[in-house]
Amino acid sequence: MKMEKVVGERFRERPADCVIDSHALMVRGGDMKYVGNGIYSQFGPLRRICRKIEGIIREEMDGIDGQEVQFPVVMPASLWEESGRYESVGSELLRFSDRNGSKMVLGMTHEEASVQLVREYGKSYAKYPFMIYQIQTKFRDEARPRAGLIRVREFTMKDAYSFHTSQEDLEEYYQKCYHAYERIFARAGIPETIAVASDSGMMGGSLSHEFMLLTPVGEDSVAVCPECGFRANVEMAESIVENPQDDVQEELKLVYTPDIHTIEDVCGFLGMPEEKSCKAVVYQKNSDDKFVVLFIRGDLDVNETKVTNFLKSEIRPAEITEESGLHPGFIGPYDLQGDFTVLYDRSLQGGMNLSCGGNVEEHHYTGLCMDCPQAEYHDFAKISEGGVCPGCGKHTIQVCRGIEVGNIFQLGTKYTESMGMQYLDKDGKEKYPLMGCYGIGIGRLAASVCEAHHDEYGPIWPMAIAPWQVHLCCVRPDNEEVKAFADKLYEDLQRQGVEVLYDDRKVSAGVMFSDADLMGVPVRVIVSPRNMKEGCCEIVTRDKNVQKKAALQDVKKEIAVLIEELSGKG
């Protein structure tokens, strides 16, 4: 491919709306273009990168006996009604009606479609186990798209579904896919990706893992223990809190606290640390608008995923009205009156001499003792930096940011049972097969690799997924000797099967090299009048780890050796 034929513009200025480097560099480099909120078109170079990622994924999925299939983009709502998700999934699912008035959905995930595809095929135990997968574009009406391809509404994804007749078989295959994912991310150029225990969310199931690329710009938070290796998404990591006991329980007193609402202000006014306070966080259930009042220690934050899972209902921050009987800023567990769902975080269990809202305006209690026999304590708190590790019990938790580049779930019979998929076992009894689900976002993986491998000038694409292997720069193409050698080298490399991007434009060396940096091709070969006079070419890797001159007669050999080395084959 000649550089002058590559569709797309490259420019130096960082776009104002690009909050992370990979987004900015991929826009500046002519890889992608904004179309609408969370929707992008991809230019040729990024398509080449994504096709190579897809190739790696196909090899690894085929290697664990996967069979590639294709599910429909648009599905009748009846499929999702069978599983129960047509109503339970929120506005992320795009619902519409066709010209005949039939209810339809735009696919955001394909568990229902996978079951519908194989439920007749899988009627005998002899058919199991098997795995099917697809690579397809989907749409999720994401509320807050951000960071380029990291969080979008339209995306291409590999999703796989395995079917089993026993939990043991599911777990064995789950491990095979786990290790296949490790190989995929290593081959794509981010071997540093780690697997963390995660919440299954709307997917359901008993066990799930997310594969995270740890980076400060990540949108997910991960709890990590350097002592024992514990790793979990903070959404599901257990929060363990220690409450030292006081020698004396003080008397419960109602204290006038004028014009004070926040925990910080209350504790400052009362001269108490935040860990000696009890705060209220109020939600409403999306299903029936009922109030949920959750009490938690004042220095901790609520993990809303844990609350949602406990209630089995989506929640939202409450709109507190006068009719509710609640007093915002002054809500406490003592003598709370009203028809509310009341939850207690276990950080309060055994708490003594706490401050809390007085359930009347401008008043708080001190001396609260959490010895209520009717209270049930559950884990609703976010694990915090320096917190107790659920693995080893030490105060060693570190909270890091990460980008989720893949996920795997043990779904169990959630979909096969709801959709009536059964098989006859060897004894002739009807049973529901168990499922596993395994997803990787293609565009997100490409953007994550760029986020992990770039400098201020552009991406540094690993050889395995780079759009081209070699970027040939012909500096001063008006020089006949330079142009003739560069043209022949371009032809020879292509005949040898090398993927070459050839820049013979009549532009300055500065423009040529700046564009080369933005393209991010691993190996750069520079043919120039000065080099020709010395009887050599410059060979430079994009990461600048290799910078050397090769004799003209040895250039092709040197390039081949370097490609082998950068491909991990040398």
Side-chain angles (χ1 to χ4, degrees), residues 1-12 25-26 28-31 43-49 51-52 455-463 465-567 570:
M1 172 65 72
K2 285 202 170 186
M3 187 73 174
E4 66 179 0
K5 298 295 185 183
V6 176
V7 176
E9 298 294 330
R10 284 147 295 283
F11 49 93
R12 295 185 180 183
L25 293 174
M26 292 172 76
R28 286 180 54 208
D31 289 314
F43 287 106
L46 181 55
R47 285 305 307 141
R48 294 175 67 94
I49 291 167
R51 284 202 304 271
K52 290 185 177 183
D455 58 21
E456 60 182 304
Y457 306 108
I460 305 173
W461 296 112
M463 183 63 74
I465 67 168
W468 292 272
Q469 296 170 312
V470 174
H471 194 137
L472 176 59
C473 296
C474 177
V475 179
R476 291 282 309 279
D478 57 329
N479 183 303
E480 291 184 7
E481 183 184 14
V482 169
K483 185 71 162 62
F485 183 85
D487 284 352
K488 187 171 188 310
L489 181 58
Y490 175 50
E491 294 172 2
D492 290 346
L493 289 172
Q494 288 187 105
R495 277 196 293 269
Q496 292 176 8
V498 178
E499 300 171 6
V500 188
L501 179 63
Y502 181 28
D503 193 350
D504 62 348
R505 297 173 299 164
K506 293 178 181 179
V507 297
S508 69
V511 170
M512 189 175 288
F513 296 155
S514 176
D515 283 353
D517 284 339
L518 284 169
M519 300 302 289
V521 177
V523 177
R524 188 179 309 173
V525 180
I526 303 168
V527 183
S528 68
R530 186 182 66 182
N531 290 335
M532 292 294 292
K533 191 176 294 185
E534 296 176 7
C536 66
C537 286
E538 285 184 73
I539 300 178
V540 182
T541 53
R542 176 62 186 82
D543 60 11
K544 305 301 188 289
N545 285 335
V546 175
Q547 301 184 59
K548 62 181 178 180
K549 294 187 176 183
L552 297 180
Q553 66 271 20
D554 297 329
V555 170
K556 287 181 285 186
K557 179 182 177 182
E558 293 279 1
I559 292 171
V561 169
L562 190 52
I563 290 174
E564 288 285 306
E565 290 177 356
L566 294 178
S567 300

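Since the model is a prediction, treat every value here as computed from it, not as a measurement. Numbers here simply count residues along the sequence, with the first being 1.
Contact of the Val521 side chain with the Arg542 side chain is not registered, since no non-hydrogen atoms from C-beta on lie closer than 4.5 Å. For the pair Met519 and Pro467, the minimum side-chain heavy-atom distance is 4.5 Å or more.
Interatomic distance, CD1 of Ile559 versus CG of Leu472, reported as 7.5 Å (0.5 Å rounding). We find the CG-CD1 distance between Asn545 and Ile460 to be 8.5 Å, quoted to the nearest 0.5 Å. Atom CG in Leu46 sits 12.0 Å away from atom CZ in Arg48 (nearest 0.5 Å).
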Please list every donor-acceptor pair under 3.5 Å in which a side-chain atom of residues 1-12 meets a protein atom from a residue at least two apart or in another chain.
residue, atom, partner, partner atom, Å
Lys2, NZ, Asp504, OD2, 3.0
Arg10, NH1, Gly8, O, 3.2
Arg10, NH2, Gly8, O, 3.2

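When all heavy atoms of Met463 and Leu566 are compared, the closest pair comes out as CB-O, 3.5 Å. For Pro529 against Val482, the heavy-atom pair with the smallest separation is N-CG2, 3.5 Å. In terms of heavy-atom proximity, Pro45 sits nearest to Asp31 at CB-OD1, 3.4 Å. Scanning both residues, Val555 and Ala550, for their nearest heavy atoms gives CG2-O, 3.9 Å. Between Cys473 and Met512, the shortest heavy-atom contact is CB-SD, 3.6 Å. For the residue pair Phe485 and Val527, the shortest heavy atom distance occurs at CD2-CG1, 4.0 Å.
Judged by distance alone, the side chain of Thr541 and the main-chain N or O of Val546 form a donor-acceptor pair under 3.5 Å. Judged by distance alone, with hydrogens and angles left aside, the side-chain atoms of Lys556 form no donor-acceptor pair with the main-chain N or O of Leu489 at under 3.5 Å.
Shown here are the ring-ring contact (aromatic ring centres under 6.0 Å, His included) partners of Tyr490, two or more places apart in sequence or in another chain: Tyr502. Considering only residues two or more places apart in sequence or on other chains, Ala551 meets the side-chain contact (heavy atoms from CB on, under 4.5 Å) condition with Gln553, Asp554.
Comment: Lys544 does not engage Asp455 in a salt bridge, judged by the lack of any side-chain N to carboxylate O separation of less than 4.0 angstrom.
A 6.0 Å sphere centred on CZ of Arg530 holds no more than 12 heavy atoms belonging to other residues, nucleotides or ligands.
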